[in-house]
Amino acid sequence: MDERRLAGVAARIEARIPRPESFTSDLRGPRTAARVGVWLGVAFAVAFATGLYSHASQLATPALALPTGPSRLYQVTQALHVASGTAAVPLLLVKLWSVFPRLVARPPRAPRALVLHLLERGSIALLVGAALFQLVTGLANSAQWYPWSFDFVRTHYALGWVAFGSLVLHVAVKLPVVRRALAEPVDDPAPVAGQGADDGAPSRRTLLRATWVSAAVAVLATSAAELPGLRRVAVLAVRSGQGPQGVPVNRSAVGAGVVDLLGDPGWRLRVVGPSGVVEHSLEELRAMAQRAAVLPIACVEGWSASGRWAGVPVRDLVALVGGGPEDDVVVRSMQTRGAYRESRLPANFVQDPDSLLALTLGGEPLHPDHGFPCRLIAPARPGVLQTKWVREIEVVRA
Ligand SMILES: Nc1nc2c(c(=O)[nH]1)N[C@H]1C(S)=C(S)[C@@H](COP(=O)(O)O)O[C@H]1N2
Ligand SMILES: [Mo]
């Protein structure tokens, strides 16, 4: 009796679980999945390559010397990183929709087929999980929202490898299906009059066009602020482009807890090197040979702004304490807490004449929020490493 009731309940549940046949839209399936998949693959490849470069740029001692020019290199690659990740959001949603019926396909019974099925499903679970994680954490990061306690940089980097690795595997496994699907026409030929009815559903071509448009709108709404004249289109951009001296601010002087130190007449820049320690007052720094350069602040979060910075080339300060062309420098802020209170400038960046200890922005002394009395600004470098409120520069031999 009980057993019969149980069997009845099981049968009713079973009947409610959708089967691949329950999804009737022709728009799903390989022809849609392959076409959206191509662009999703491109977006992930761009995000992965630019992500690796960004990661290498933030290492204290990268394995190979990264180029110091063109000065906008980091700005451009980081904008591409955020744009490709943003474009991937609508692409991934349409792609998941197009293959969703396969998720509820019943596993085969034969042991060999079952093992293959589970391996395939496992690799797809890894790919989808890692891809969703990357897009969600990346978007939250570009919105400056950190609702988690793990280390974003390390986790996003590690899962970038997982996502890209499982993507390569997925493409390799699906290549025959993809080729077949791409060789087929996007839409079936229109039904001959009198035979078969046009059910009024949109065509696959319409669906694909709507997908491309969504991806473009998502990119423009978040990133157009980076393009000249298009800031007003970027309704979802986090940075307004406003800030003292025309450059936005991430961490203000108040936020960094340095306000009380900025007016100190006893402030000296300490420069430590092989031949000793030299201290410079602000007046002395202003009296040294100055150099100006138009350089961007390019935040890892995706916003950027260029300014005309002027000050003393770092290499001139390093030369005064016996530093040589092979030496890195560590730049330390007056800030006593916070992850970005110091940064390391690799030797080839130290030697670039545009790597400045900046004293002015747009011809005016630095605003307190931009790092008064002086800050580091170097070409092709992530914003997080452009240390503000500098107190000490130390020459270190790698
Ligand atoms: N000392 C110190 N320097 C810092 C930071 C910081 O928190 N402390 N933030 C960095 C980050 S994340 C960025 S994007 C740039 C922003 O520079 P800006 O505020 O002048 O635009 O400063 C960098 N320099
Ligand atoms: Mo930043």
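Order of appearance sets the numbers: ligands from 1, and atoms from 1 within every ligand. For the numbers below, each heavy atom of this structure counts, side chains included, while hydrogens, waters and symmetry mates do not. Owing to the predicted nature of the structure, the values given are computational and were not obtained by experimental measurement.
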Under a 4.0 Å heavy-atom limit, does [X] contact ligand 1 with its side chain, its backbone, both, or neither?
X: His370; answer: both
X: Trp303; answer: side chain
X: Val247; answer: side chain
X: Asp369; answer: backbone
X: Ala256; answer: neither

Of all heavy-atom pairs between [X] and [Y], which one has the smallest distance, and what is that distance?
X: Tyr340; Y: Thr387; value: O-CG2, 4.1 Å
X: Trp97; Y: Pro101; value: O-CD, 4.0 Å
X: Asp187; Y: Arg205; value: OD2-N, 3.0 Å
X: Pro274; Y: Arg397; value: CG-NH2, 3.7 Å
X: Glu301; Y: Val82; value: O-CG2, 4.0 Å

Quiz item: N/O of Arg375 under 3.5 Å from N/O of ligand 1, yes or no?
Solution: yes
Quiz item: With only distance considered, is Pro248 within less than 3.5 Å of ligand 1 through an N or O on each side?
Solution: yes
Test item: side-chain donor near acceptor, [X] and [Y], under 3.5 Å:
X: Arg381; Y: Ser343; result: yes
X: Thr211; Y: Ser214; result: no
X: Tyr74; Y: Ser54; result: yes

[atom]: which protein heavy atom is closest, and how many Å away?
atom: atom 16 (C) of ligand 1; result: Ile297 CG2, 3.8 Å
atom: atom 15 (C) of ligand 1; result: Gly383 O, 3.4 Å
atom: atom 3 (N) of ligand 1; result: Lys388 N, 3.0 Å
atom: atom 24 (N) of ligand 1; result: Gln386 O, 2.9 Å
atom: atom 5 (C) of ligand 1; result: Tyr340 CB, 3.9 Å
atom: atom 1 (N) of ligand 1; result: Gln335 OE1, 2.8 Å

Relative to the heavy atoms of [X], which atoms of ligand 1 are at a distance of less than 4.0 Å?
X: Cys299; value: 14 (S)
X: Arg251; value: 7 (O)
X: Ser333; value: 1 (N)
X: Trp389; value: 1 (N), 2 (C), 8 (N)

Quiz item: Closer than 4.0 angstrom: is that true for some heavy atom of Gly338 and an atom of ligand 1?
Solution: no
Exercise. Report yes or no: does Met334 have a heavy atom closer than 4.0 Å to ligand 1?
Key: no
Quiz item: With the threshold set at 4.0 Å, does a side-chain nitrogen-carboxylate oxygen contact exist between Glu14 and Arg19?
Solution: yes
Practice problem: Would you check if Leu269 and Leu317 make a side-chain contact, meaning some heavy-atom pair closer than 4.5 Å? | Solution: yes
Quiz item: Does the side chain of Val300 reach to within under 4.5 Å of the side chain of Gln58, using non-hydrogen atoms?
Solution: yes
Quiz item: If you draw a 6.0 Å radius around CD in Glu284, do more than 12 non-hydrogen atoms from other residues or ligands fall strictly inside?
Solution: yes
